[in-house]
Amino acid sequence: SQFADALAHYTEGLKLCATTTEKKFNNSAAKSKRKSAADENKHKGMITGKPTCREMLGAAVERVRSSMETLRLDQRIEADTKDPFFRMVAWLKEGGATFPELYMRRYRNDHRGVHALSDIDPQKEILYVPLKFIMTSEMAKSSSIGKSIAAAKVEVESSHTWLAAFLLSEKSRKQSSFFHPYISILPETFTTIPLFFKQDLLDELKGSFSLEKIDRRNEHLKKEFETIAAKVPEFKKFGHDAFVWARLVVITRIFGIVVDNVKTDGLVPYADMLNHKLPRDTAWAYQDQLKGFTINTCRPIKMGEEVFDSYGRKCNHRFFVNYGFALTENEDNEAVMTVRLQSTDPEASRKARIFQNLLVHPYHERGYQVPAKYEQKTRGLFGFLRLCKMNTKELMAFAGERKMIPQDADTLLENILPRTKRNELLVLEELKKAAQTSMSAFSTTIETDEKLLKNKEYKSLNHRNCIVMRLGEKKVLQWFIDLANRATRMLRYRSFLSFASEAKAIMHQDPEFDVYVEQVLEPLAIAESILL
């Protein structure tokens, strides 16, 4: 529509050019040669109150140039007939898929995105992909390779394995596969996924719990492949490396959908090209009545603007390990702290028996992966520490309360309320020590990492993501250190009035800290003031 407007402007300019030229010819023959400069300008087409044809043509050209610059069509992927993306787009359109207001742009070889060809209103359908183009888990299970795995009675640990096996089977068929146009655009390698990082990059993650996640993922994939390969010869021929590739394709592109009331996973061509952003730009779903997958806009999108999907709210370790990127600002980041039941505690054996009876394992030491918030996971950490720091009197009181709390171990720990000011001060002290211990495992400080990112002092995108990953964890740990310091100050009150005064000075700077104050410190202060 932008180009059509520019063309109309151009056409109007041509008409004006012809009209003014004719007027100039007639007037010059009838009038004297001695005309004023103003009259001479009129002969040249300078008509009062209207732009000249030169100005109108210039405006039209500028609009076209501006639109071209906005769209950056020089980066458009599917415009090249030799590009696999062109063939995939043609394949989709021939089969009934529609996405007339979208196009794909490549920023570099391993990074691309979807953009808007025109201004798009909110609540508008911008993509439709018929079911026949979607690889689903049900399709995978009913395929030849799926039936072979099922017949071998292999316990598949991840549902993603079904799709991965089907993808490998279809890939081996090459051009005879209906899905060949889609498979041909899939990345050959995943250079940004940390499973393939060399030691120099892994060293940049020293202290990060993402290293353990990477090791676990590699072990899981190796075990999954070997288990199936031992019983299914046609699966074994694919090889371990190809299986890892297929699993990564699935995890980086999968959609959880419901087709005819059956919950399944699916690979949806073109829809899986959208990058991640929060808050979301779009909403997707499988529509039974349309027999296809649709994406609708949630807000107005301007011409040339990138169109994003949302991969959901996740800690950076999930984005990093699964997708190969990390968000600079992510309020859902988490860090790991290890807390212990001290063997020197006079009630250590009794508390250990309580943990054993509640099936809390390991009961002497636990690692908690928690966000910088006082929420479910964090309450479990505090509950464990509160139980560890109880004295004999508090333990006796807790024994009576246990009957009123569901006996699921994690639920019980999450529901252990602060006992006394003494108990909570010891909890905060232990929490601070645990956070400092985890922080000391890193080889760089928060300030160093922030400087590296600000000055772009990193060797590659992968190096940058390592810095962002470890920095996010350290900020979470620092939040717990700060919480312990501020809460300790508030609990040093001598009266409820002094507590209220301290709370007024400290609160309303961090909403997440305020939650802890409102749920823990205020009730504790009120209870103790009543007792006093």
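The structure displayed is predicted, hence computed values, not measured ones.
For Lys373, the NZ atom counts as densely surrounded, since its 6.0 Å shell holds more than 12 non-hydrogen atoms of other residues, nucleotides or ligands. The local environment of CD in Glu188 is sparse, with at most 12 non-hydrogen atoms from other residues, nucleotides or ligands closer than 6.0 Å. Heavy-atom contacts from other residues, nucleotides or ligands closer than 6.0 Å to CD of Gln376 number 12 or fewer. Within 6.0 Å of atom CD in Glu447, more than 12 heavy atoms from other residues, nucleotides or ligands are found, so the atom counts as buried in its surroundings. Environment of CZ in Arg318: sparse, with no more than 12 heavy atoms of neighbouring residues, nucleotides or ligands closer than 6.0 Å. Other residues, nucleotides and ligands contribute over 12 non-hydrogen atoms within 6.0 Å of the CD atom of Gln199. More than 12 heavy atoms of other shown residues, nucleotides or ligands fall within 6.0 angstrom of atom CZ in Arg87. Within a 6.0 Å radius of NZ in Lys206, more than 12 heavy atoms belonging to other residues, nucleotides or ligands are found.
Two residues are said to be in side-chain contact when any heavy atoms from C-beta on lie closer than 4.5 Å; Phe99 and Val89 meet this criterion. Side chains of Leu186 and Leu167 form a contact here, defined as non-hydrogen atoms less than 4.5 Å apart. In this structure, the side chains of Ile214 and Leu195 come closer than 4.5 Å at one or more pairs of heavy atoms. Counting heavy atoms from C-beta on, the side chains of Met104 and Tyr270 come closer than 4.5 Å. Side-chain contact between Glu226 and Lys222 is present, with heavy atoms from C-beta onward closer than 4.5 Å. Two residues are said to be in side-chain contact when any heavy atoms from C-beta on lie closer than 4.5 Å; Val468 and Phe319 fail this criterion. Between Met139 and Ile134 there is no side-chain heavy-atom pair separated by less than 4.5 Å. The side-chain heavy atoms of Leu483 and Tyr374, taken from C-beta on, include no pair separated by under 4.5 Å.
Here Tyr516 and Phe382 bring their ring centres to under 6.0 angstrom of each other. In this structure, Phe225 has its ring center no closer than 6.0 Å to that of Phe238. Phe255 and Tyr286 have their aromatic ring centers separated by at least 6.0 angstrom. Taking the centre of each ring, Trp91 and Phe178 come in below the 6.0 Å mark.
A donor-acceptor pair under 3.5 Å is formed between the side chain of Glu375 and the backbone N or O of Lys377. His115 places a side-chain N or O within donor-acceptor distance of the main-chain N or O of Gly304, the cut-off being under 3.5 Å. Listed for the Ser177 side chain is no donor-acceptor partner under 3.5 Å among the backbone atoms of Lys174. When atom types are taken as modelled, the side chain of Ser438 and the backbone of Ala435 share no donor-acceptor pair closer than 3.5 angstrom. With hydrogens and angles disregarded, no donor-acceptor distance shorter than 3.5 Å links the side chain of Thr192 to the backbone of Asn462. Under the 3.5 Å distance criterion, the side-chain polar atoms of Glu224 are matched with a main-chain donor or acceptor of Glu157. Without hydrogens or angle criteria, Ser210 side chain to His317 main chain gives no donor-acceptor distance under 3.5 Å. Using modelled atom types, one side-chain atom of Asn333 and one backbone atom of Asn316 make a donor-acceptor pair closer than 3.5 Å. Between the side chain of Trp245 and the backbone N or O of Phe190 there is no donor-acceptor pair closer than 3.5 Å. Looking only at distances, a side-chain donor or acceptor of Thr297 sits under 3.5 Å from a matching main-chain atom of Gln123.
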Quiz prompt | Criterion side chain to side chain contact (heavy atoms under 4.5 Å, CB included) on Leu205 and Phe320, from CA distance to verdict | solution = CA-CA 12 Å; Leu205 295 169; Phe320 184 55; 3.8 Å; yes
With side-chain hydrogen bond (donor to acceptor under 3.5 Å, both in side chains) as the criterion, how do Ser208 and Glu473 come out once you've worked through the C-alpha distance, each side chain's angles and the decisive distance to 0.1 Å? CA-CA 7 Å; Ser208 170; Glu473 292 179 60; 2.3 Å; yes
Given side chain to side chain contact (heavy atoms under 4.5 Å, CB included), test Val114 with Leu127 step by step and report yes or no.
-> CA-CA 11 Å; Val114 175; Leu127 179 137; over 6 Å; no
Show, in sequence, the C-alpha distance, side-chain angles and deciding distance for Phe179 and Lys171, and conclude whether the side chain to side chain contact (heavy atoms under 4.5 Å, CB included) test is met.
CA-CA 8 Å; Phe179 294 102; Lys171 186 181 180 184; over 6 Å; no
Item to complete: Kindly determine whether His276 and Tyr323 satisfy side chain to side chain contact (heavy atoms under 4.5 Å, CB included), including the steps that lead there.
Response: CA-CA 10 Å; His276 166 76; Tyr323 303 102; over 6 Å; no
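Between Glu306 and Lys277 no salt bridge is recorded (no basic side-chain N to carboxylate O distance below 4.0 Å). Taking the charged nitrogens against the carboxylate oxygens, Lys474 and Glu450 have no contact shorter than 4.0 Å, which rules out a salt bridge. Using a 4.0 Å cut-off between a side-chain N of Lys or Arg and a carboxylate O of Asp or Glu, Arg470 and Glu204 qualify as a salt bridge.
Of all non-hydrogen atoms in Ala434 and Thr338, the two that sit nearest each other are CB-O, 3.7 Å. Among all heavy-atom pairs drawn from Ala165 and Ile149, the shortest one is CB-CD1, 3.9 Å. Across Asp265 and Ser159, no two heavy atoms sit closer than the pair OD2-OG, 3.4 Å. The shortest heavy-atom contact between Val321 and Ile193 is O-CG2, 3.6 Å. Closest approach of Ala335 to Phe209, counting heavy atoms only: CA-CE2, 4.0 Å. Residues Leu278 and Gly312 approach most closely at CD1-O, 4.1 Å, considering heavy atoms.
One distance of note links CH2 of Trp479 with CG of Asp510; it measures 6.5 Å at 0.5 Å rounding. Residue Leu248 holds its CG atom at 9.5 Å from CZ of Phe243, rounded to the nearest 0.5 Å. Once rounded to the nearest 0.5 Å, the distance linking CD1 of Ile228 with NZ of Lys236 reads 13.5 Å. Note that CD of Glu430 is 11.5 Å distant from CE of Met337, once rounded to the nearest 0.5 Å. In this structure, Ile446 CD1 and Leu477 CG are separated by 8.0 Å, a value rounded to the nearest 0.5 Å. Interatomic distance, Cys315 SG to Leu327 CG, rounded to the nearest 0.5 Å: 10.0 Å.
Judged as a ring pair (Phe, Tyr, Trp, His ring centres under 6.0 Å), and not counting sequence neighbours, Phe166 has no contacts. Under the side chain to side chain donor-acceptor pair (under 3.5 Å) criterion, Arg173 pairs with Glu170, not counting sequence neighbours.
Side-chain contact check for Thr161 and Ser158: no donor-acceptor pair (N or O, by modelled atom type) lies under 3.5 Å.
Under the side chain to side chain contact (heavy atoms under 4.5 Å, CB included) rule, Trp284 has a single partner from Leu274, Val129, Ile257, which is Ile257.
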